[in-house]
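Worksheet: one structure, shown below.
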Protein chains: 4
Amino acid sequence: MVDTTSENSASGHSESRADGNYGGGRPVAPTVSDLLAELVAEGLLSEPDSTRARLLTCAAGLFEQKGFARTTVRDIAAGVGILSGSIFHHFSSKEEILRCAMEEVTLHARALMAAAVAASDTPREQLRACIRCELEAIHGEAVPGFSILVLEWRSLSSESQARVLRLRDSYEEIWRKVFAALDGPLDDPALSRRLIQGAIAHTHNWFKPEGRALSLEKLSDRILAVFAPA
Amino acid sequence: MVDTTSENSASGHSESRADGNYGGGRPVAPTVSDLLAELVAEGLLSEPDSTRARLLTCAAGLFEQKGFARTTVRDIAAGVGILSGSIFHHFSSKEEILRCAMEEVTLHARALMAAAVAASDTPREQLRACIRCELEAIHGEAVPGFSILVLEWRSLSSESQARVLRLRDSYEEIWRKVFAALDGPLDDPALSRRLIQGAIAHTHNWFKPEGRALSLEKLSDRILAVFAPA
Amino acid sequence: MVDTTSENSASGHSESRADGNYGGGRPVAPTVSDLLAELVAEGLLSEPDSTRARLLTCAAGLFEQKGFARTTVRDIAAGVGILSGSIFHHFSSKEEILRCAMEEVTLHARALMAAAVAASDTPREQLRACIRCELEAIHGEAVPGFSILVLEWRSLSSESQARVLRLRDSYEEIWRKVFAALDGPLDDPALSRRLIQGAIAHTHNWFKPEGRALSLEKLSDRILAVFAPA
Amino acid sequence: MVDTTSENSASGHSESRADGNYGGGRPVAPTVSDLLAELVAEGLLSEPDSTRARLLTCAAGLFEQKGFARTTVRDIAAGVGILSGSIFHHFSSKEEILRCAMEEVTLHARALMAAAVAASDTPREQLRACIRCELEAIHGEAVPGFSILVLEWRSLSSESQARVLRLRDSYEEIWRKVFAALDGPLDDPALSRRLIQGAIAHTHNWFKPEGRALSLEKLSDRILAVFAPA
DNA sequence: TATGAATGAGTATTCATTCAT
DNA sequence: GATGAATGAATACTCATTCAT
């Protein structure tokens, strides 16, 4: 169970706008909380703490841990303290749960990354922020279940894949803009993005942040150094 | 159905030793066929064309396509023209099929990579060969089902994971040696290897070799350029 | 949705008593409307247009179309624009809905038949009226859902069957009286009634009134001719 | 559980061909056993006593008793002493069980009727034989579950209905021929058939053969008298 | 080795019914 | 009277695994 409200502040990128840019050149950066509240208002994200939101968070976690096929609807229901039959008041099928979980996770990660990019000064800092956010999405408590987007992609019907892809694209759009703004632009930003994405996604299999010599912070720097040498 | 013998020659790296190095300085590079035959002789690899080998190839392909959990024992049996009950004369459980498939795939890929490295002159050429081989394992017909090593790792019990890891390590050993021999050695070869591995594994999700501007050959060069700038 | 009031006049047999028998020998024939109003007053029939009446009409129609077991309480509720939970303010179980629907349908058909018989002169005309009414009950808009009495009899518990049977018997009483009054009485009126009942009920499976050579009128005559040859 | 072989002789119409027609004018009438054996040989009817045949007999009986929707797959399996999962080795869905049961029942009844008609001399006797057979199909042990053809018709998808209709038509063909051969032919044989069919089907609801004044034999005669007055 | 019928535990999903609001 | 979220038992169907032949 995750308190989505407190998560945001936990990510550390979005504290507030009290950064003295009242008279500054850079426009006011939106807070993560603002962005998320807006999504909830638009009906794109579930009301925090609602049964629906708790089901999705729980499901995303279980899918990540055990895989979609090995997670039963009963597991998910038990995770939020209801009975399995009741799930179908919220979702019409198990696959819909997966799709919705992916959508929520994507929107969540996008909000975090958008805020972090907006809070960064140079394009290179922005790229570092993107890398950092994606790493945190996978490893931190920021976006629990983020890796199902990669791990369980095959479990989605193609119609559902198409729906998620639309949101996914708006997430990638942020990366594209950041790449475009880089001073010495890379030859093939699309390729770079894909290599970075793979490299980051794979950290899920080996990187354990707790008490490691290599922090998430440093890992971000290494990845930045490889793909955008200073 | 795949003829594992003919595949090897199809990979194009290991044609023969008729490369004029009879009197040369570099020791004779072993053929893939030699390496594979040796593994069969040692009982580490199934006799090609045996029912067992055909089951494993078919299973690896199906697991890659549909995922382990969504592939039924019946599917696999049907794929080689026997009935589901008969599979249990060859393997004691579905999970054993997955483990054995992973082992075969690993040995296969290792043989291909060992031969390619042996046929390369400089360390940088050797690194290119490694990248190229891993890409081919994923995309070519060289090692069908190779990506299950990543995709279906969670479907394996931890005991089985341990067994596969041992073989896996002998595969990684080749990479380690190649990294160690690089002229301007990288700061953190282990990290580099993991980033490369992730980047390559992820190509499974987006790279379609047929009729693309970007060939496997070029893709290898790009990856090499990123991780080991000349 | 059916307006039960207007239906009655649609049946065409019971328009009014303006048939000149003010001074006649035959007693005044009661209107269908009169009979139904009386039933409502006695509390045997639901107030027309009440939620309860609309639920029963809708349920009868759905049970006829899809069968009792395949009709959900949600379907019925949706049919009258309320939610499924609300149904249980009107009926204590789904089976009660079926029983009540059968009762309403029986009373309705009885009123129509009683009026038609009362408006007929000779016993043979009265028999024709009975046949005609039962056919109309099944095929016309006169008594929507009438055939559930036969089709869904097995779906009723035996206690409910007993309750419906009492009403049903008052319906059959009309037939019995008509048979008894026939000039050349049949050998075995009870058997004849049952054969007629079966023959008429089965028309539900094959007779389609719209644009057929055989009208309901003619069909009535044929059945009359078979069972009571002139 | 019914022994289909002994049933046939129990029906009393098909005793043997030792009826002295060796030198007679009428061609040798085929035995029910012959007809059924032929159907089994053609693969249209299940091997008697096979699990499949026992499942279908049992299912037909249960569907007749409790209705298709209220009969569970477990009930059927339990009826023949296997577990519910095993049913799906024989049929791919519950609906397939219903369809196959209807087909078997139809073929069975057709064979009985064909033999009875062949064993009758005059057209009127043949009509009596048809009526008698259909009554026996419903009430006797001759064709257990026959009435599902009427009672559960709505439970079948339209594709399945179409398949059963083809067989059903070959059953009706016998009736058509008999009607056509009647001396004083009826005005509208198709209508007569439908009325008879309804009348007979409905006997399922009221006629109880055991220890009744009215025997099946006499009932047949009454029905014959009504529809084909001498 | 192969067969194929049977197992039996498990799965997602349905649905009448309840009840606090 | 109506809501709608929750219940919980029941359902058809799945599938890895067994085993007598």
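Throughout, a chain's letter reflects where its sequence line sits, starting with A, and its residues are numbered from 1. Bear in mind that the values here come from a model prediction, so they are computed numbers and not experimental data.
The interatomic distance linking C:L55 (CG) with F:dG1 (C1') rounds to 12 Å, in whole Å. Distance D:E96 CD to F:dC13 P: 10 Å, rounded to the nearest Å.
Remark on DNA chain F: of its neighbouring residues B:S92 and D:R70, the 5'-side contact belongs to D:R70, judged by nearest-heavy-atom nucleotide. The nearest heavy atom of DNA chain E to C:K94 and to A:R74 marks one nucleotide each, and the one closer to the 5' end goes with A:R74. Comparing C:T72 and B:H89 by the nucleotide of DNA chain E whose heavy atom lies nearest to each, the residue mapping closer to the 5' end is B:H89.
Between A:H90 and F:dG4 there is no side-chain N or O to OP1 or OP2 distance below 4.0 Å. In this model, the phosphate group of F:dG1 is not approached by any side-chain N or O of C:S86 to a distance below 4.0 Å at OP1 or OP2.
Figure legend: cation-pi geometry between A:K94 and A:F88 absent, as NZ or CZ is not positioned both under 6.0 Å from the six-membered ring centre and within 45° of its axis.
Across all strands shown, E:dA6 forms a Watson-Crick or G-U wobble pair with F:dT17, both key distances being under 3.5 Å.
Remark: side-chain polar atoms of C:R154 are paired, donor with acceptor, to backbone N or O of D:E64 under 3.5 angstrom. In this structure, the side chain of A:E104 engages the main chain of A:S46 through a donor-acceptor pair within 3.5 Å.
Side chain to side chain, D:E152 and D:S155 meet the donor-acceptor criterion of an N or O pair below 3.5 Å.
Looking at heavy-atom distances under 4.0 Å, A:T71 makes contact with sugar-phosphate atoms alone, never a base. Contacts of A:L83 with the nucleic acid, taken as non-hydrogen atoms under 4.0 Å apart, include base atoms.
More than 12 heavy atoms of other residues, nucleotides or ligands lie within 6.0 Å of CZ in D:R70, so this atom counts as buried by the packing criterion.
Two residues are said to be in side-chain contact when any heavy atoms from C-beta on lie closer than 4.5 Å; C:F68 and C:L62 fail this criterion.
Boundaries of the chain D contact region on DNA chain E are E:dA5 to E:dG8, first to last in 5' to 3' order (nucleotide atom under 4.0 Å from a heavy atom).
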